[in-house]
Amino acid sequence: MKITTIVGARPQFIKAAPVSSKLRSTSNIQEVLVHTGQHYDENMSDVFFQELEIPSPDYHLGIGSGNHGAQTGRMLEEIEKVLLTEKPDWVLVYGDTNSTLAGALCAAKLHIPIAHVEAGLRSFNRRMPEEINRVLTDHAANILFAPTTAAVENLRNEGILEKKVHLVGDVMYDAAIYYGAIASQKSKVLEYLSLTPQNYILATVHRAENTDNLSRLQAIFSGLTAVAKKIPVVLPLHPRTRAALSRNGLLEEMTHNLQLIEPVGYLDMVMLEKNSLLIATDSGGVQKEAFFYQVPCVTLREETEWVELVQSGWNKLIPPTSEYFVFSGIKNTLNHKPHMQDTVSGLYGGGFASEQIVKLLATES
Ligand code: UD1
Ligand code: UDP
């Protein structure tokens, strides 16, 4: 069976790593890996292939950045060529980026069955590009691997046939277990950044709704600056956010107030997460990793796809509409640390999501 995997953005390299490793150790499966090139900086792409030992892509499409239509359109054109050449039995896509949608759409038009990992997540906010990408991909997919019971419920509510949907758990938890142990042995990031465990806050910001809206961008960065007067705030800066700060003349001031660093590799990120006192983020993946490592989390958004973490009280949603909200949201969470009955395995599976995905795909031939 030939499976063409399509990835392109940072979180997809992390999600694909454990699945790809299982695919390649299954005798009757051949994986052809396609990197769209949506993310291309060394620290947004190559570092993950090296650290997570993902094989070099068979096709690197070099699409790069652009407006949604232009970027997705270029992907469609190039992925179609690959699929026409390779004629795979399945196309495997991850998450909700433009690379996900382009892969799914191309496959659908060529009548190639689509497998979607991380199916069924919803923010119910159609202004998010990711929400459109997820909904369209789920409705085009032939087999849907849902990470949570909430995701299964969302798919049921949208009328997707139950027999297509499989609750397998979260592949990011598989990655956290396997690579998390390696991170503890290999990463020297705390020494390198002169950080003391439990004595800093880790933040990440990259969502378009936060970076492309000046008032929200200012609220987040002023709020983090207020926090940094009490405890260091370390922030690996996504290139979108660096560009937004620079465009608005805020970069120099924030470099002074916060410990802004370049995006880090996964192993260093895990170490930064594990040892932080609190995580403030608008990232989907980082919200869950906070829970995996039992670090309190403040999510700088109005809504989240990982609703179980909010319902159980681990994660606090703080809409970043003012400096005060951001500052007080972090301060209150530090003062009232969450307690949780639910276990990671209870919410996200036991770390066997990749294994289940590959087993199910292998029996679909
Ligand atoms: C994309 C995904 C988002 C995901 C995020 C993970 C979509 C619509 N969005 O958002 O769901 O959470 O990836 O990080 O697919 N840039 C660089 N170098 C790079 C990559 C990007 O400089 O290697 C800059 C460019 O200026 C680019 C901007 O970042 O225009 C945004 O990149 P893009 O891939 O379009 O979206 P993300 O914000 O990264
Ligand atoms: N991550 C990383 N280095 C960084 C920032 C994030 O390795 O500097 C990892 C993080 O640990 C998580 C994933 O990237 O596994 C999340 O990706 P991102 O926040 O870009 O996207 P999202 O999950 O929001 O789609």
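Everything numeric here is computed off the predicted structure, so don't read it as measured data. Atoms considered below: every heavy atom in the structure, side chains included; atoms not considered: hydrogens, waters and symmetry mates. Sequential numbering from 1 along the given sequence is applied to the chain's residues. Remember, it's 1-based here, ligands and their atoms both numbered in the order they're listed.
- At a heavy-atom distance under 4.0 Å, no atom of A208 approaches ligand 1.
- Inclusion of R10 in the set of residues having an N or O under 3.5 Å from an N or O of ligand 2 is warranted.
- Between F292 and Y173, the ring-plane angle classifies as tilted under the 30° and 60° cut-offs.
- A heavy-atom separation below 4.0 Å is found between M172 and ligand 2.
- Using a 4.0 Å heavy-atom cutoff, G265 is listed among the residues neighbouring ligand 2.
- Not a single heavy atom of E130 sits closer than 4.0 Å to an atom of ligand 2.
- Residue K164 qualifies as enclosed at atom NZ: its count of foreign heavy atoms under 6.0 Å is above 12.
- The nearest non-hydrogen atom to atom 11 (O) of ligand 1, considering only E130, R10, H39, comes from E130.
- Any N or O atom pair closer than 3.5 Å counts here, and N133 shares no such pair with ligand 1.
- At a heavy-atom distance under 4.0 Å, only side-chain atoms of M44, from C-beta outward, approach ligand 1.
- Criterion: ILVMFWY side-chain heavy atoms under 4.5 Å apart, direct or through other members. Under it, L92 and M172 are part of a common hydrophobic cluster.
- With a heavy-atom cut-off of 4.0 Å, P236 touches ligand 2 through its side chain alone.
- Inclusion of Q38 in the set of residues having an N or O under 3.5 Å from an N or O of ligand 1 is warranted.
- Contacts with ligand 2 closer than 4.0 Å are made by side-chain heavy atoms of I14 only, the backbone lying farther away.
- Looking at heavy atoms from C-beta onward, D41 lies out of side-chain contact with P263 at the 4.5 angstrom threshold.
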- request: Kindly indicate, with the supporting measurements, whether the criterion side chain to side chain contact (heavy atoms under 4.5 Å, CB included) is fulfilled by L334 and I201.
  value: CA-CA 10 Å; L334 281 174; I201 285 175; 4.0 Å; yes
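- Between Y348 and W306, the ring planes are perpendicular. Angles over 60° get that label, and only those under 30° would be called parallel.
- Residues E303 and F124 have side chains not in contact (no heavy-atom distance under 4.5 Å, counting atoms from C-beta outward).
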